[in-house]
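Numbered from 1 within each chain, the chains take letters A, B, ... in sequence-line order.
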Protein chains: 2
Amino acid sequence: MKLTSKGRYAVMALVDLARFNNINPVSLRDISLRQGISLDYLEQIFSKLRKKEIVQSVRGTQGGYVLNKKAKEIKLTNIFDAVDEKVKTVQCKKDSKKGCNGKATKCLTHNLWDELENHINNFFDEKSLEDLVKDNFERRV
Amino acid sequence: MKLTSKGRYAVMALVDLARFNNINPVSLRDISLRQGISLDYLEQIFSKLRKKEIVQSVRGTQGGYVLNKKAKEIKLTNIFDAVDEKVKTVQCKKDSKKGCNGKATKCLTHNLWDELENHINNFFDEKSLEDLVKDNFERRV
DNA sequence: AGATACTTGACTATTTTAGTCAGGTTTATA
DNA sequence: TATAAACCTGACTAAAATAGTCAAGTATCT
């Protein structure tokens, strides 16, 4: 089980963005330079973040991106969701009423994966962008 | 982020094994049939489980596998570890003394991924094979 | 007008996953 | 002792996912 770069980059970029947010739109170019992430890749990522209304874009010179909500209201869940980084533990198809994979009963470990999924999602639900920025600021002092 | 089949299969197979453990060695063929996992793939998985001393093999006719420890003492951590299913969140190389990726400071989200890793591992550390077998038995009653 | 920066979609190399396949070795039992 | 059940090992591979790149725009500030 591995977290993908896309998810990590999205979070890194948003933390970077959040730190400068109050002043001006932040250009992807700046984020790219500061965080060492390819500009083209960032564009893909921000396109998704925009569609999910996590950021707003400002076109033209001096343009860039701005948070679309307060940092406090942006949870990790939202970010991962936007870039299609879902936690997925169970493959069992749920269409058959009670069982997994067409069998009559749930597979031996069905509940386990459900629990795990909840456990991880709880973590993501609780952490907000604001938390991350704060944590970062404090470490630096 | 996705759990791979190898990890899921390993856990499923061990739960299956644990249920019959007290009587006789359980053959992979039986597990394969009951759980719908390819025999060849199971062999790969059990080879790893054996090397990490989670199971013991009994060769020859009527042979199979037996748990090498009490179900209570086998934690999910051990299982995932054995089949190389580690939770890996951070890519940052740790060799540079304080920073990530050769930079002077930790990357903006370093602590976050560490926390997440711990959060997930806590879950794995606490769940034992026994818990899973019990949970399964209770559901069935 | 020109530069900056967003926007979109197609393309691709690499890696990982999820197995398969082939050819063993060991041992209980008929 | 022959044979079949079952473990054991390593090499191979198709398919999917990942991590990007590339190209060709469009919008807007100065």
- Counting distance only, does the side-chain N/O of His119(B) pair as donor-acceptor with the main-chain N or O of His119(A) below 3.5 Å? yes
- Query: Does Thr109(A) use its side chain to pair, donor to acceptor, with the backbone of Met12(B) at less than 3.5 Å?
  - Reply: no
Establish, with yes or no, whether the OP1 or OP2 oxygen of [N] is under 4.0 angstrom from a side-chain nitrogen or oxygen of [X].
| X | N | result |
| --- | --- | --- |
| Ser57(A) | dT7(C) | yes |
| Arg50(B) | dT9(D) | yes |
| Ser27(A) | dT4(C) | no |

- Does Lys127(A) reach the side chain of Glu115(B), with side-chain heavy atoms less than 4.5 Å apart?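 Lys127(A) vs Glu115(B): side chains touch.
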Between [atom2] on [N] and [atom1] on [X], what's the gap in Å once rounded to a whole number?
| X | N | atom1 | atom2 | result |
| --- | --- | --- | --- | --- |
| Asn24(A) | dC6(C) | CG | P | 13 Å |
| Phe80(B) | dT17(C) | CZ | P | 13 Å |
| Leu3(B) | dT16(C) | CG | P | 17 Å |
| Ile45(A) | dT8(C) | CD1 | P | 15 Å |
| Leu42(A) | dT7(C) | CG | C1' | 14 Å |
| Ile31(B) | dC7(D) | CD1 | C1' | 13 Å |
| Ile37(B) | dG19(C) | CD1 | P | 9 Å |
| Lys51(A) | dT7(C) | NZ | C1' | 9 Å |

For residues 49-69 of chain B, tabulate all N or O donor-acceptor pairs below 3.5 Å that involve a side-chain atom, not counting sequence neighbours.
from     : atom 1 : to       : atom 2 : distance (Å)
Asn68(B) : ND2    : Glu53(B) : O      : 3.1

- Which word best sums up how the rings of Tyr9(B) and Tyr41(B) line up, parallel for under 30°, tilted for 30 to 60°, or perpendicular for over 60°?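 If you compare the ring of Tyr9(B) with that of Tyr41(B), the planes turn out perpendicular.
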- Item | Partner of Leu76(B) under side chain to side chain contact (heavy atoms under 4.5 Å, CB included), chosen from Leu132(B), Leu129(B), Asp125(B) |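 Going through the options one by one, the only one that passes is Leu132(B).
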- Going 5' to 3' through nucleotides 20-30 of chain D, assign each nucleotide B (protein heavy atom under 4.0 Å from a base atom), S (under 4.0 Å only from sugar-phosphate atoms) or - (no protein heavy atom that close). BBB---BSBB-
- Message: Suppose we screen for side-chain contact (heavy atoms from CB on, under 4.5 Å). Which residues come up paired with Glu130(B), at least two apart in sequence or across chains?
- Response: Ala71(B), Lys72(B), Ser128(B), Lys134(B)
- Task: Look at all strands and tell whether Phe46(A) reaches a base, only sugar-phosphate, or nothing, counting heavy atoms closer than 4.0 Å.
- Result: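 Touches nothing.
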